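Letters go in sequence order (proteins before strands), and every chain restarts at 1. None of the values given here were measured: they were computed from a predicted structure.
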Amino acid sequence: MIDIRMLRDEPDRVRASQRARGEDETLVDLVLTADARHRTALSDFERLRAEQKAFGKRVAKASGEDKQVLLDQVKETAAHVKELERMASDAASERDGALRRIGNVVIDGVPAGGEDDYVVLEEHGAPRDFAAEGFEPRDHLELGTLLGAIDMGRGAKVSGSRFYYLVGVGARLEFALMRMALERAYEAGFQQLAVPTLVTPETMAGAGFLDAHADEVYRLEADDLYLTGTSEVALAGFHAGEILDLSEGPKRYTALSTCYRREAGSHGKDTRGVIRVHQFQKVEMFAYVRVEDAPAEHARMLQLEREMLDAMEVPYRIIDTAAGDLGGPAARKYDCEAWVPTQGRHRELTSTSNCTTFQARRLGTRERDPLGSGTRAVATLNGTLATTRWVVALLENHQQADGSVLVPQALRPYVGEDVLRPVAAV
RNA sequence: GGAGGCGUCGCCUAGUCUGGUCUAUGGCGCCCGCCUGCUAAGCGGGUUUGGGGCUACAACCCCAUCGAGGGUUCAAAUCCCUCCGCCUCCGCCA
């Protein structure tokens with residue numbers, strides 16, 4: 001949720017942001033008119049309520065006939081107060097309804113437009129020339145099958161399409177990535193949390209995942225709980241409703257969790273292998289910082305992602321995601337995309353978002369205002385440090401003609417192997 | 001799953017039976033000031049959060065806030081209902 005005071009003071013800024021996102025800018029006026037109505041109604045209610053309270057005191061002191069007279073007088077007021085209160089709260093929910101539909105105000109410099117309007121900021125490494133090396137690259141599933149590392153058939157047997165088993169070196173490779181990511185996060189000052197992956201509707205909505213992506217989310221009807229698509233949800237909820245002390249610096253957390261996604265809108269897309277699946281593992285970074293420190297923290301997260309990807313020794317690029325592709329809570333988002341040889345294109349491996357105060361405002365995460373009295377919303381940021389999908393980039397980019405795969409140096413201590421070799425079927 | 005108890009402004013706590021004198025008591029902690037060789041003690045004051053009015057986003061005034069949401073009433077921390085969380089005991093269980 002954006003700051004209503006900012007919307008009142010600078011409505012044009014919000015309109016411009018909505019325009020950049022390709023979203024409805026008339027919501028701004030909807031909020032403004034409902035807000036005006038709310039404030040008028042609230043004043044009316046408060047005035048009469050004060051009157052009613054004062055009257056109540058006289059009633060308490062009176063007795064006998066006097067009391068009866070006063071009671072008759074104030075009865076009407078009571079009904080009127082209730083009416084005014086209802087009007088005020090109706091206007092407030094109308095205002096909040098519109099306000100909640102407005103995405104975070106995009107940071108200056110973010111490219112306008114949709115999915116394809118991203119700007120490439122950096123490119124690292126060069127794709128291998130398999131033709132020059134004299135062999136046709138196998139895709140990650142073919143390699144995973146040869147290595148006995150990925151078993152889609154049994155995944156489908158047990159759970160349906162888009163489920164899989166990682167077997168032997170496959171499972172070890174994934175786990176190695178997670179361990180390495182957690183260790184690096186720890187060294188960078190992130191406290192590790194083991195988090196819930198089932199959360200309440202309030203938490204899910206607070207983190208911003210029930211708006212545009214509601215149909216992407218698994219819901220447990222019987223218990224009214226949601227399965228999280230990222231540990232970001234639980235990490236964002238961790239300090240919900242709390243007043244934090246950030247005077248000693250940011251609060252940084254990291255978590256490994258299983259992530260669940262319905263992939264409802266992507267039938268027929270990425271159906272091979274583990275590129276797009278219903279369940280995967282992910283190590284996430286999350287930080288609560290002062291709003292002034294958010295851009296620096298964002299850069300820091302991106303740097304940690306860069307270092308992880310460098311260690312994977314795969315070609316990748318970094319993009320500045322366009323406004324329309326940010327999602328509601330983010331004000332800026334950088335994706336790191338690795339080169340996937342058999343697809344001839346880059347695929348997202350990490351994503352780091354600066355949500356400024358948007359998420360925190362919904363979740364009620366605040367700090368003592370260092371500038372004045374009272375409290376103010378903190379900023380939240382998140383970023384990926386490893387996911388199951390990284391296996392795709394590792395297998396394809398490090399494959400050899402005989403179907404074996406070289407493990408990048410940095411990962412070897414965690415995998416316990418230098419080379420993954422084809423095995424007989426299990 | 002069953003039975004019972006509890007949830008008050010950072011922490012502890014009074015108030016709930018018997019609705020109005022609650023503008024929520026007291027202690028601890030914390031902040032400001034006084035006093036004082038220093039420190040401690042002592043003394044005085046302040047200390048939930050959100051919103052609105054007015055404004056310098058100050059002071060001040062008002063409304064809401066006693067786990068959450070409804071209800072009864074002229075009036076609710078207090079009475080009623082629903083939900084959530086914690087604790088104790090029993091049962092069941094990978």
Scan side-chain atoms only and decide if [X] and [Y] contain a donor-acceptor pair under the 3.5 Å cut-off.
X: A/Gln281; Y: A/Thr258; answer: yes
X: A/Tyr414; Y: A/Glu183; answer: yes
X: A/Thr384; Y: A/Lys282; answer: no
X: A/Glu242; Y: A/His239; answer: yes

When the distance from [atom1] of [X] to [atom2] of [N] is rounded to whole Å, what number comes out?
X: A/Arg376; N: B/rG50; atom1: CZ; atom2: P; answer: 13 Å
X: A/Asp96; N: B/rG51; atom1: CG; atom2: C1'; answer: 12 Å
X: A/Ile243; N: B/rG50; atom1: CD1; atom2: C1'; answer: 11 Å
X: A/Asp3; N: B/rG51; atom1: CG; atom2: P; answer: 9 Å
X: A/Glu51; N: B/rA75; atom1: CD; atom2: P; answer: 14 Å
X: A/Lys75; N: B/rU73; atom1: NZ; atom2: C1'; answer: 9 Å
X: A/Glu85; N: B/rG69; atom1: CD; atom2: C1'; answer: 13 Å
X: A/Gln52; N: B/rC74; atom1: CD; atom2: P; answer: 10 Å

task = Report yes or no: is there a donor-acceptor pair, N or O only, under 3.5 Å between the side chain of A/Glu46 and the base of B/rG53?
result = no

inquiry  = So for atom CD, which belongs to A/Glu115, do other residues, nucleotides or ligands contribute more than 12 heavy atoms lying within a distance under 6.0 Å?
reply    = no

message = Does A/Phe175 have more than 12 heavy atoms from other residues, nucleotides or ligands lying within 6.0 Å of its CZ?
response = no

Rounding to an integer number of angstrom, what distance separates [N] and [M] when you compare their [atom1] atoms?
N: B/rC43; M: B/rU55; atom1: P; value: 43 Å
N: B/rA14; M: B/rG26; atom1: C1'; value: 7 Å
N: B/rA41; M: B/rC60; atom1: C1'; value: 37 Å
N: B/rG50; M: B/rC93; atom1: P; value: 50 Å
N: B/rC34; M: B/rC86; atom1: C1'; value: 45 Å
N: B/rA94; M: B/rU13; atom1: P; value: 39 Å
N: B/rG85; M: B/rG27; atom1: P; value: 36 Å
N: B/rA24; M: B/rC12; atom1: C1'; value: 16 Å

query = Of A/Lys82 and A/Arg49, whose nearest nucleotide on RNA chain B comes first from the 5' end?
reply = A/Arg49

key: Most 5' of A/Arg8 and A/Ala50 on RNA chain B, judged by nearest nucleotide   = A/Arg8

Counting just side-chain N and O atoms, does [X] come under 4.0 Å of either OP1 or OP2 of [N]?
X: A/Arg5; N: B/rC57; result: no
X: A/Lys53; N: B/rA64; result: yes
X: A/Arg368; N: B/rU49; result: yes

Should [N] form a Watson-Crick or G-U wobble pair with both distances under 3.5 Å, which nucleotide is its partner?
N: B/rG19; answer: none
N: B/rG29; answer: B/rU47
N: B/rA58; answer: none
N: B/rC83; answer: B/rG67

So what does [X] touch, heavy atoms closer than 4.0 Å: a base, only the sugar-phosphate, or nothing?
X: A/Arg366; answer: sugar-phosphate
X: A/Arg47; answer: nothing
X: A/Phe45; answer: sugar-phosphate

task = For A/Asp335 and A/Ser351, run side-chain hydrogen bond (donor to acceptor under 3.5 Å, both in side chains): C-alpha distance rounded to whole Å, both residues' side-chain angles, the deciding distance at 0.1 Å, then the answer.
result = CA-CA 4 Å; A/Asp335 287 356; A/Ser351 181; 2.8 Å; yes

